[in-house]
Amino acid sequence: MYFGAQYYRPPFPDRTCWERDFLNMKQLGFRVVKLWAVWNDIEREPDHFVFDDLDRLTEFAGKNGLKVIINTIPEGAPYWLYEAYPDCLYETVEGKKITMGGPANLPTGGWPGLCMDNPEVSDLVCNFIFRTAEHYRDNSSVIILDVWNEPHLEPMFDYKNELLCACRASKRAFRDWLKVRYGSLERLNEAWFRRYSDWEEIVPPPRFGTYTDMMDWRRFWLYNLAEWLKRRVDAARRGAPGKLIQTHSASADYMGASSNGALGIELSDEFLLAREVDVFGLSSFPKWLMGETKRDYDLSHLLQSEIICAASREKDFYQAELQGGAGVPGFLAHKVPKREDIRIWNWNTIAAGGKGVVYWQYAPEPAGMESPGFGLTGFNGENTERSLEAGRCARLFEAYELDRSRPVPAINGIYLSRNADLLLFAAGAQEEKYAHSIYGVFKSCAEGGIPVRFVHSDYMDSVWEEGLRVLYVPMALSLSDEEQSRILKFAGMGGRVVLEAAAGLYSEMGEISAGGSSSPCPMLEAAFGAEEISLDAGDGELPVMDKEGAVLCEGLYYRQTMKAARGEVTGWFEDGTPAMAEVEYGKGEIRWTGTFPGAAVKDAGSRAAAEFIQKQFKAEGYSLFSVLEAPDLIVRLLQTENGPVMAAVNQTPESRPLFAREQTGKEWSLEVPGYDGVLLRLDTGE
């Protein structure tokens with residue numbers, strides 16, 4: 001298990017503190033420490049590498065029984081690189097070059113470095129990672145090399161209103177990607193509705209307007225950054241065969257750090273990145289970024305952890321950075337976590353299947369815009385309620401021997417689509433609507449005590465065998481033909497599919513099939529024989545009612561109507577048009593709602609929408625159970641070498657009851673204390 005803290009980001013903390021701090025980490029029960037290897041601090045002159053500080057720190061770690069994670073930071077680039085390659089800077093579509101300087105999180109500057117689409121820059125970045133890995137190849141204290149800190153298109157954290165990168169090399173890489181994707185200029189012209197006569201005429205879209213080119217450009221960047229990561233991983237493997245290779249995401253990218261979406265703007269996709277590494281991680285700053293109330297930021301943290309779990313598949317993941325002290329959105333640090341915050345965030349990580357928590361960071365930051373925040377300990381190295389709780393949690397979870405546990409897949413799933421997200425980005429950077437819809441569905445399940453997991457479009461082929469039986473599809477306006485086919489196949493095998501409005505209305509290219517032989521909603525046509533489909537903007541909450549006028553559900557934004565040739569209409573809008581229907585499909589069923597209940601939960605606080613969503617899922621949550629009653633509790637199963645373990649997490653201040661009956665008839669009744677959790681070995685009852 002990886003319990004510990006980020007410690008060194010040159011030149012801090014001061015070396016006079018090192019011995020004292022490492023001893024305290026050992027006494028707290030920490031097992032690992034993370035150290036930054038910043039490029040401009042190490043390769044101070046071309047091909048001259050200085051590892052003195054890191055060598056000394058790894059010595060202290062070894063003496064105190066701590067294992068080391070080294071995080072390579074090429075984004076702190078040496079200034080001789082800029083002088084040698086001034087034409088390789090990141091560049092906006094308007095031609096503004098992003099010069100290197102000091103950001104909030106790099107005292108040594110050199111940020112954001114240079115664009116790796118330039119082969120000479122890529123080679124130098126990979127050489128730095130190779131040389132660092134090679135230096136620690138035989139160091140037994142160093143167990144993990146993290147080759148990319150929060151991979152994303154690096155300038156985007158500070159330049160969210162810009163469109164990047166459009167440097168000469170990136171334009172060339174984009175055209176090369178398009179040539180592979182389309183095969184010919186004629187096919188690209190058909191897909192984009194253009195009349196290009198030469199590939200060189202193609203440039204990244206300079207503004208929001210048409211969907212097709214913008215979706216392709218952002219899609220290119222997601223795959224391009226995955227390729228950049230692969231190069232870094234290969235360099236580390238060459239340098240240190242046998243070491244674990246890692247990266248960690250700045251957030252669950254389909255949500256973004258503040259649950260407003262990040263896939264299209266920051267250009268990081270955990271479902272592509274996790275494939276390239278041995279171990280995957282997540283950064284989270286819940287009290288700073290994830291919500292105004294404790295319930296909101298605790299729930300957002302769990303949601304993001306579970307998306308990262310879904311992306312990691314069978315690989316280990318853990319909380320690679322967790323807020324240890326005050327978040328710093330302004331000059332003065334505030335929003336300092338309490339002990340119950342640290343406790344719940346640890347429980348969230350364990351329940352999601354994570355293998356530990358590494359805090360950002362051990363000591364308060366002494367300089368720059370992040371000062372004086374983030375310290376788990378006090379200014380003089382003294383323990384705080386946060387550090388003591390962090391140590392208690394580390395010892396508790398180590399005792400349960402969960403290092404080889406794996407999450408048991410829930411029978412309920414929430415669908416995630418890359419295409420659905422990118423369409424909303426292309427529509428004027430509106431990713432927050434998709435993220436809010438996902439959040440609303442997840443929140444409804446949490447309040448109902450219903451176990452759920454995330455299902456990504458990339459992995460639909462295996463979900464039936466993994467035990468999925470219910471798939472909720474929120475705000476999936478853009479779906480590829482393959483996605484729609486797989487969703488229908490899942491229903492045909494016996495699954496329940498729940499579609500929010502206009503699922504698959506747009507193709508993966510951001511086009512509506514209308515006026516021809518194809519239906520504007522192919523899934524609805526296949527399932528319901530849908531005709532006369534329309535989509536109208538709504539004003540405020542949109543109620544859906546039964547025949548007697550009782551409200552069944554509420555939605556937001558749009559109302560979709562259709563005439564169904566098959567199935568049963570089960571709900572109506574206020575004007576009497578069909579708003580809800582269900583139909584048998586193969587061995588399963590498909591349910592449709594002509595609005596967006598998930599968004600109504602998040603953005604309008606709709607209880608009717610939350611209750612509707614809860615009714616779509618199977619309350620027992622796992623095939624092991626016949627009954628599960630756990631309102632306001634998070635219940636997850638972990639499979640260990642010694643049998644299944646149930647993790648129950650209570651994110652509310654009051655004690656909550658839990659009742660479960662296994663298929664065998666064995667029953668469990670327990671109370672979960674407020675702001676705490678319980679682990680129960682189901683084979684032994686311990």
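For this chain, numbers begin at 1 and follow the sequence in order. When reading the values below, keep in mind they use all heavy atoms of this one structure, side chains included, and skip hydrogens, waters and symmetry mates.
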In terms of side-chain geometry, is the basic nitrogen of [X] or [Y] positioned less than 4.0 Å from the acidic oxygen of its partner?
{"X": "Glu306", "Y": "Arg636", "answer": "yes"}
{"X": "Asp403", "Y": "Lys355", "answer": "no"}
{"X": "Glu466", "Y": "Arg313", "answer": "yes"}
{"X": "Lys338", "Y": "Glu385", "answer": "no"}
{"X": "Arg392", "Y": "Glu389", "answer": "yes"}
{"X": "Lys294", "Y": "Glu340", "answer": "no"}
{"X": "Arg656", "Y": "Glu654", "answer": "yes"}
{"X": "Arg591", "Y": "Glu500", "answer": "no"}
{"X": "Lys160", "Y": "Glu266", "answer": "yes"}
{"X": "Lys315", "Y": "Asp278", "answer": "no"}
{"X": "Arg9", "Y": "Glu370", "answer": "yes"}
{"X": "Asp632", "Y": "Arg295", "answer": "yes"}
{"X": "Arg275", "Y": "Asp458", "answer": "yes"}

Pick out which of Phe454, Phe617, Tyr472 makes a ring-ring contact (aromatic ring centres under 6.0 Å, His included) with Phe442.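 Exactly one pass, corresponding to Phe454.
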Pairwise distance CZ(Phe374) to CG(Leu322) - rounded to 0.5 angstrom: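 The distance works out to 11.0 Å.
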How about Ser249 and Asp253: does a side-chain donor come under 3.5 Å of a side-chain acceptor?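 Looking only at side-chain atoms, Asp253 and Ser249 do form a donor-acceptor pair, the distance falling under 3.5 Å.
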Under 3.5 Å, is there a donor-acceptor pair linking the side chains of Glu150 and His248?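 Note: Glu150 and His248 side chains miss the donor-acceptor criterion.
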Of all heavy-atom pairs between His301 and Trp345, which one has the smallest distance, and what is that distance?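 Closest approach of His301 to Trp345, heavy atoms only: CE1-O, 3.3 Å.
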Minimum heavy-atom separation for Tyr362 to Gly381, with atom names?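 For Tyr362 and Gly381, the tightest heavy-atom pair comes out as OH-O, 4.3 Å.
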Would you call the rings of Tyr2 and Tyr318 parallel, tilted or perpendicular if under 30° counts as parallel and over 60° as perpendicular?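 The rings of Tyr2 and Tyr318 sit tilted, inter-plane angle from 30° to 60°.
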Should the pair Phe397 and Trp347 be assigned to parallel (<30°), tilted (30 to 60°) or perpendicular (>60°) ring geometry?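 Perpendicular.
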Given the ring of Tyr557, does Lys433 sit roughly above its face, with NZ or CZ under 6.0 Å from the centre of the six-membered ring and within 45° of the axis?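 Judged by the rule (NZ or CZ under 6.0 Å from the ring centre, within 45° of its axis), Lys433 counts as positioned above Tyr557.
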Give every residue pair that meets the ring pair (Phe, Tyr, Trp, His ring centres under 6.0 Å) criterion with at least one member in residues 256-277, sequence neighbours excluded.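 Of all non-adjacent pairs touching residues 256-277, those that pass ring pair (Phe, Tyr, Trp, His ring centres under 6.0 Å) are Tyr254-Phe271, Phe271-His456.
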